Amino acid sequence: MKKKQHHAVAVAEVNMNYLDQTVGNIVADNFATSEVFSKYQIDFCCGGDQLLSKIIEEQSINTEQLLHDLQNIQTHQQSNNFNFKEWSLELQVDYITKYHHAKIREKGPDLLKLCEKVANVHGSSHPELIEVAHLYRASLNDLLNHLMKEDTVLFPFIYQMIQNGESAKNSACFGSIEMPISVMMHEHDQEGERFKKISQLTNHYAIPEDACKSYTAMMKQLQQFEKDLHEHIHIENNIVFPDAIRMAKSL
């Protein structure tokens, strides 16, 4: 009996701790919780600086159910979830560039062709697909420019800070590192808004009864693209960028 009471107290303490944290920090500590926030349509990447308690109040979310789901994820999470916060800054940047950036460059153009094909075929009966294709085209173009800026300016500077310390900081082509980071975060916000609109237009990627194989494939790929983008932005906004700023200030 005492053991159960102790467990109940421990769970209550964890839940209260969740309420006092930003959603970005919660996901940074345990990425598996991102599944719960996605379920409740809570933005943990671009909106990661918001307190969970404030979001619950503003969106009129059932607090007890949300906290139950978060606790359940923590209790039963799979062991293969990456704990990005425990990685070194260098490894975090490597993962961003070699996985997320590479995947967008490889898969992004093919998904654009698919979106345009489906819009051309099904646009008369599903006119929202025309706007979806337009939004995704704009997103991909801006994302590719965004990746180039990170890969040629910001991330090389972070690598230099890791390897050369203060000498790298003194040779920066910009003022403080907060300047390029603020630009990257603003661009993240733009892409987050675009994909929020795509999700709304497609009824959160619901596949209609008249969908052909291409239509079905497009919806599944768009949903996966958004999921990957959320992870990508989360790691940068809530882990990489704060760590890089702290490192620059310590030099």
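All figures in this text were calculated on a predicted structure; none of them were measured in a lab.
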Chemist: My understanding is that only residues two or more places apart in sequence, or in another chain, count here; which of them pass side-chain contact (heavy atoms from CB on, under 4.5 Å) with Lys149?
Modeler: Met184, Glu187
Chemist: Any chance you could measure Gln190, atom CD, to Ser139, atom OG, to the nearest 0.5 Å?
Modeler: 10.0 Å
Chemist: Taking Asn238 for the side chain and Phe44 for the main chain, is one N or O donor matched with an acceptor at less than 3.5 Å?
Modeler: yes
Chemist: Kindly write out the residues that satisfy side chain to side chain donor-acceptor pair (under 3.5 Å) with Thr97, not counting sequence neighbours, or none if the list is empty.
Modeler: none
Chemist: Is there a donor-acceptor contact under 3.5 Å from the side chain of Ser38 to the main chain of Ser34?
Modeler: yes
Chemist: Distance check, rounded to the nearest 0.5 Å: Gln92 atom CD versus Ile239 atom CD1?
Modeler: 5.5 Å
Chemist: Mind listing the closest non-hydrogen atom pair of Glu150 and Pro156 along with its distance?
Modeler: O-CD, 3.4 Å
Chemist: Given side chain to side chain contact (heavy atoms under 4.5 Å, CB included), test Phe37 with Leu70 step by step and report yes or no.
Modeler: CA-CA 9 Å; Phe37 292 135; Leu70 287 170; 4.0 Å; yes
Chemist: Please report the shortest heavy-atom distance between Leu154 and Pro180, naming the atom on each side.
Modeler: CD1-CG, 4.1 Å
Chemist: Given side chains that start at C-beta, do those of Thr216 and Lys220 come closer than 4.5 Å, heavy atoms only?
Modeler: yes
Chemist: List the residues meeting salt bridge (charged side-chain N to carboxylate O under 4.0 Å, His left out) with Asp228, not counting sequence neighbours, and say none if there are none.
Modeler: Lys103
Chemist: Report yes or no: do Phe31 and Tyr18 belong to one cluster of Ile/Leu/Val/Met/Phe/Trp/Tyr joined by side chain heavy-atom distances under 4.5 Å?
Modeler: yes
Chemist: Name all residues meeting the ring pair (Phe, Tyr, Trp, His ring centres under 6.0 Å) criterion together with His126; count only those two or more places apart in sequence or in a different chain, and write none if there are none.
Modeler: Tyr215
Chemist: Who are the salt bridge (charged side-chain N to carboxylate O under 4.0 Å, His left out) partners of Glu90, not counting sequence neighbours?
Modeler: none
Chemist: Among pairs that include at least one residue of residues 46-65, which meet ring pair (Phe, Tyr, Trp, His ring centres under 6.0 Å), considering only residues two or more places apart or in two chains?
Modeler: none
Chemist: Under 3.5 Å, is there a donor-acceptor pair between the His232 and His188 side chains?
Modeler: no
Chemist: If hydrophobic clusters are built by linking Ile, Leu, Val, Met, Phe, Trp and Tyr wherever their side-chain heavy atoms come under 4.5 Å apart, do Leu129 and Leu140 end up in the same one?
Modeler: yes
Chemist: Nearest 0.5 Å, what's the NE2-CD distance between His122 and Glu128?
Modeler: 11.0 Å
Chemist: Kindly write out the residues that satisfy salt bridge (charged side-chain N to carboxylate O under 4.0 Å, His left out) with Asp142, not counting sequence neighbours, or none if the list is empty.
Modeler: Arg194
Chemist: At their closest point, which heavy atom of Tyr136 faces which heavy atom of Cys115, and how far apart are they?
Modeler: CD2-SG, 4.2 Å
Chemist: Distance check, rounded to the nearest 0.5 Å: Ile158 atom CD1 versus Ile181 atom CD1?
Modeler: 6.0 Å
Chemist: Using a 4.5 Å cut-off on heavy atoms from C-beta on, say whether the side chain of Val132 contacts that of Val118.
Modeler: no
Chemist: To the nearest 0.5 Å, tell me how far Asn72 CG sits from Leu67 CG.
Modeler: 12.5 Å
Chemist: Could you give the distance from CG (Leu147) to CZ (Arg105), rounded to the nearest 0.5 Å?
Modeler: 5.0 Å
Chemist: Before you tell me yes or no, could you show the steps for His134 and Ile130 under side chain to side chain contact (heavy atoms under 4.5 Å, CB included), namely the whole-Å CA-CA distance, both residues' side-chain angles and the distance that decides it to 0.1 Å?
Modeler: CA-CA 6 Å; His134 172 74; Ile130 297 171; 5.8 Å; no
Chemist: Using a 3.5 Å cut-off and no angle test, enumerate the donor-acceptor pairs between side-chain atoms of residues 45-64 and protein atoms at least two apart in sequence or in another chain.
Modeler:
{"residue": "Ser53", "atom": "OG", "partner": "Leu19", "partner atom": "O", "Å": "3.2"}
{"residue": "Asn62", "atom": "OD1", "partner": "Glu64", "partner atom": "N", "Å": "3.1"}
{"residue": "Asn62", "atom": "OD1", "partner": "Gln65", "partner atom": "N", "Å": "2.9"}

Chemist: Should Ile198 and Glu226 be marked as a side chain to side chain contact (heavy atoms under 4.5 Å, CB included) after you check the CA-CA gap, both sets of side-chain angles, and the distance that decides it?
Modeler: CA-CA 9 Å; Ile198 289 173; Glu226 183 185 34; over 6 Å; no
Chemist: Please list, chain by chain and in numerical order, all residues satisfying side chain to side chain donor-acceptor pair (under 3.5 Å) with Thr22, sequence neighbours excluded.
Modeler: Asn25
Chemist: Is Ile104 reachable from Tyr99 through a run of I, L, V, M, F, W or Y residues, each pair having side-chain heavy atoms under 4.5 Å apart?
Modeler: no
Chemist: Do Ile245 and Trp87 belong together in a cluster built from hydrophobic side chains that touch within less than 4.5 Å?
Modeler: yes
Chemist: Report the residues that fulfil salt bridge (charged side-chain N to carboxylate O under 4.0 Å, His left out) with Lys85, sequence neighbours left out, ordered by chain and then residue number.
Modeler: Asp29
Chemist: Classify the angle between the aromatic ring planes of His101 and Phe155 as parallel (below 30°), tilted (30 to 60°) or perpendicular (above 60°).
Modeler: parallel
Chemist: Do Leu143 and Val93 belong to the same hydrophobic cluster, where Ile, Leu, Val, Met, Phe, Trp and Tyr are linked whenever their side-chain heavy atoms lie under 4.5 Å apart, directly or via other members?
Modeler: no
Chemist: Would His230 and Phe195 count as a ring-ring contact (aromatic ring centres under 6.0 Å, His included) here? Give the steps.
Modeler: CA-CA 10 Å; His230 285 171; Phe195 264 89; 7.9 Å; no
Chemist: Suppose we screen for side-chain contact (heavy atoms from CB on, under 4.5 Å). Which residues come up paired with Ser176, at least two apart in sequence or across chains?
Modeler: Glu178
Chemist: Quick one: which residue pairs count as a side chain to side chain donor-acceptor pair (under 3.5 Å) with a foot in residues 106-121, not counting sequence neighbours?
Modeler: Glu116-Arg137, Lys117-Ser214
Chemist: Quick one: do Phe84 and Val27 satisfy side chain to side chain contact (heavy atoms under 4.5 Å, CB included)? Show the steps, please.
Modeler: CA-CA 10 Å; Phe84 301 110; Val27 177; over 6 Å; no
Chemist: Of all heavy-atom pairs between Ile177 and Ala244, which one has the smallest distance, and what is that distance?
Modeler: CD1-CB, 3.9 Å
